[in-house]
Amino acid sequence: MSVLINKDTRVIVQGMGKTGRFHTDKAIAYGTQMVGAVHPSRAGQIEVFDGETDHSGVPGRGDSYRVEIPIFRTVREAMAATGATVSVVYVPPPFAADAIMEGADAGLDLIVCVTEGIPVADMVKAKSYIQSHHGRLVGPNCPGVITPGQCKIGIMPGYIHEEGRVGVVSRSGTLTYEAVHQLTQVGLGQTTAIGIGGDPVNGTDFIDCLKLFNDDPATEGVIMIGEIGGTAEEEAAAWITANMTKPVAGFIAGTTAPAGKRMGHAGAIISGGKGTAADKISALKAAGVVVAPTPTDMGAAMLEAMAD
Amino acid sequence: MVFDWPAQRRTNLKIHEFQAKELMKAHGIPVPEGRAVTSVAGAINAVGPLVEASGNPVVVVKSQIHAGGRGKGRFKEDPELGGVTVVLDGIEGGVEAAKTKVAQLAGRMLGNTLVTVQTGESGKQVNRLYVEQGIDIETELYLSVLLDRGSSRNIVMASTEGGTEIETVAEETPEKILKAEIDPGLGLLDFQARDLAFGLGLEGVAFKNGVRFIKALTAFAVDLDADLVEINPLVVAKDGSVMALDGKMSFEANALYRHPEVQDMRDLSEENAAEIEASGYGLSFIKLDGTIGCMVNGAGLAMATMDIIKYVGGEPANFLDVGGGADKDQVAAAFKIITRDPNVTGIFVNIFGGIMKCDTIAQGVVDAVSEVGLEMPLVVRLEGTNVELGKQILDESGLNILSASDMKDGAQKILEATQT
């Protein structure tokens, strides 16, 4: 079991530019069922991918692959032709919110938006739009979602993951890799790892993911990686106290960040005394979460939480 | 992440008060009349027309720097003088007396250093003044438009406690803060604006003007992709007119491409030179006060690297995210920027190579060090794709590079190396 995506997930790409093509190739190499792409002016063309597999992804594949991906005019047409229910968005920032809303309107179950730098105002509109539709958005400005050994959607390096017992949810990209790597090293592995993204307005939050992992029989524990800014971690802590039946470990980045300065991510700004790392850490600890004192201790913190 | 799209500024753009008022005026939002000047002569020339137009002999001289707290701030060279000064001399002495006083103030302010709660001890040089007409103030209110992350929507925030920092109001009298959520599709609705105006205690002409002001300011903030528009104080004059006496604004970095008129208001002298240079190389850099320089890929990991340096007893000198696709030139630029800070005594490079391969990064570090000629301890921690190849390149480079097994090990190693 896993959450959001599995071996049967069929994925289309919105935005088959240089970046989209590069990561589509990596996803196919991993074994993800990439079945189509959407590009309004390149419809009818076929995008060919071939290369060597590194055997880190979906088991039972050959040494090499060759996949032809048809390009469609609209998400709706791509879904009808391919049976896809999930998309990954690599559309450049000015057009990405529109791509998300097109996906929601077409009825996708899940839209994973990797694009970084989408105007906040566009995301405010896209989030409002998606709330009145059926689908779920993960991101933007996130590495994506991976269920190790089954399906990789996004830009994360596949080989550091391992099928296992822990659900991962994170606001940061490379820090997710750090956590995943440590979970693999300590032998816990991952059920699904979800990057929810570093932007102030995103589609899926910590609580959404905690709910999914809490309901997933294969997930035995969850690690959540937060950072300064906003109050999402504090809200998650309250939810954990009230609802979570599984052990949770955590890490919060930004203890040393000066107030009012933006640390790379738009969401990571401490303003008006809210959103400090200290606030978040104490809220999580009060909820029984084992908080890793340093990013090197994330795997150990998860082991400790699961041993209790 | 690298996209087929030009690198953008990542820091939100702040503008000066005089620019904010210029923008508001252009968007039909009432502000007092004023003139931005850069010389004593300019300041003197501003007085006559302002007094004539308003019929009010009072003018205000306001230092134009980005930092807040200008009114309470004091000049380093002239500790009696505040950054914002009201000139009352015109009431008895007429325009000429006002001009004389303004000239004197301008002479004491221009070129001198204003220290406020937000500038830090070093202060900020004042190169421009805003000379503004005086207003017969009835009441001072507060109004702002900003993103509420909880609801993922913009909200309008208002309070009767104008002139006080809203953080203080939120802490001491939270019941005095009014909020209205802006529907992304519909904008602020008329009844919401009326509710806010009623809540602010406005009546009669002031009520009508207040509703109009709230609606105009909300549309302005949304149309220009403002991250924050804060009017404190928003004043009701004795004649019932409602206007912005101050205007603090910042504009969302990701949306600046569609507002060239705002982008043109960028004042480079208000920004850290190293941060500007770094952004030119696609690096996200923030200078801090410590001694250990950091170079990391990914914003979260970069923050966590600063944290772990502090955890082992050191102080980070900067935040630096080289992004997902750093090449040799970026790495070299990062080294140059880090080492230019005289406080830096050592550098910690922390890379989790995902899509980016460790051997590529290692080669980038080796080339950059050879090129820049680094004369301080360097600790490199590599993890991820092709990590063994990467380490081999570092080991065989003949350069004095210490290799670390994990983040904590790296932080400890650089601390030790800089302390001996």
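Heavy atoms of I225(A) lying under 4.5 Å from chain B are absent altogether. Both the backbone and the side chain of K125(A) come within contact range of chain B, each with at least one heavy atom under 4.5 Å from a heavy atom of that chain. For a residue to count as touching a neighbouring chain, one of its non-hydrogen atoms must lie under 4.5 Å from one of that chain's; by this rule F251(A) touches chain B with the side chain only. Using a 4.5 Å cut-off between heavy atoms, D307(B) contacts chain A through both its backbone and its side chain. Residue D205(A) does not touch chain B at all, counting heavy-atom pairs closer than 4.5 Å.
Between the side chain of K280(A) and the backbone N or O of G229(A) there is at least one donor-acceptor pair closer than 3.5 Å. Checking side-chain atoms of K413(B) against main-chain N and O of S403(B) turns up a donor-acceptor pair under 3.5 Å.
N343(B) has its side chain within reach of K287(B): a pair of non-hydrogen atoms, C-beta onward, lies under 4.5 Å apart.
Contact tally against chain A (heavy-atom pairs below 4.5 Å) for R258(B), E315(B), K310(B): the top residue is R258(B). Between chain A and the residues R153(B), E165(B), K408(B), Q118(B), the most heavy-atom pairs under 4.5 angstrom are made by K408(B). For the set P295(A), P293(A), S170(A), G15(A), the count of heavy-atom pairs under 4.5 angstrom toward chain B peaks at P295(A). Ranked by heavy-atom pairs shorter than 4.5 Å toward chain A, the options S151(B), A411(B), G150(B), G384(B) are led by G384(B).
T174(A) and N297(B) share no side-chain donor-acceptor pair at under 3.5 Å. A donor-acceptor pair shorter than 3.5 Å cannot be found between the side chains of T204(A) and D208(A). Side-chain contact of E230(B) with N232(B): a donor-acceptor pair under 3.5 Å is absent, judged by distance alone.
Of the listed residues (V138(A), V88(A), V89(A)), just one forms a side chain to side chain contact (heavy atoms under 4.5 Å, CB included) with I111(A), and that residue is V89(A).
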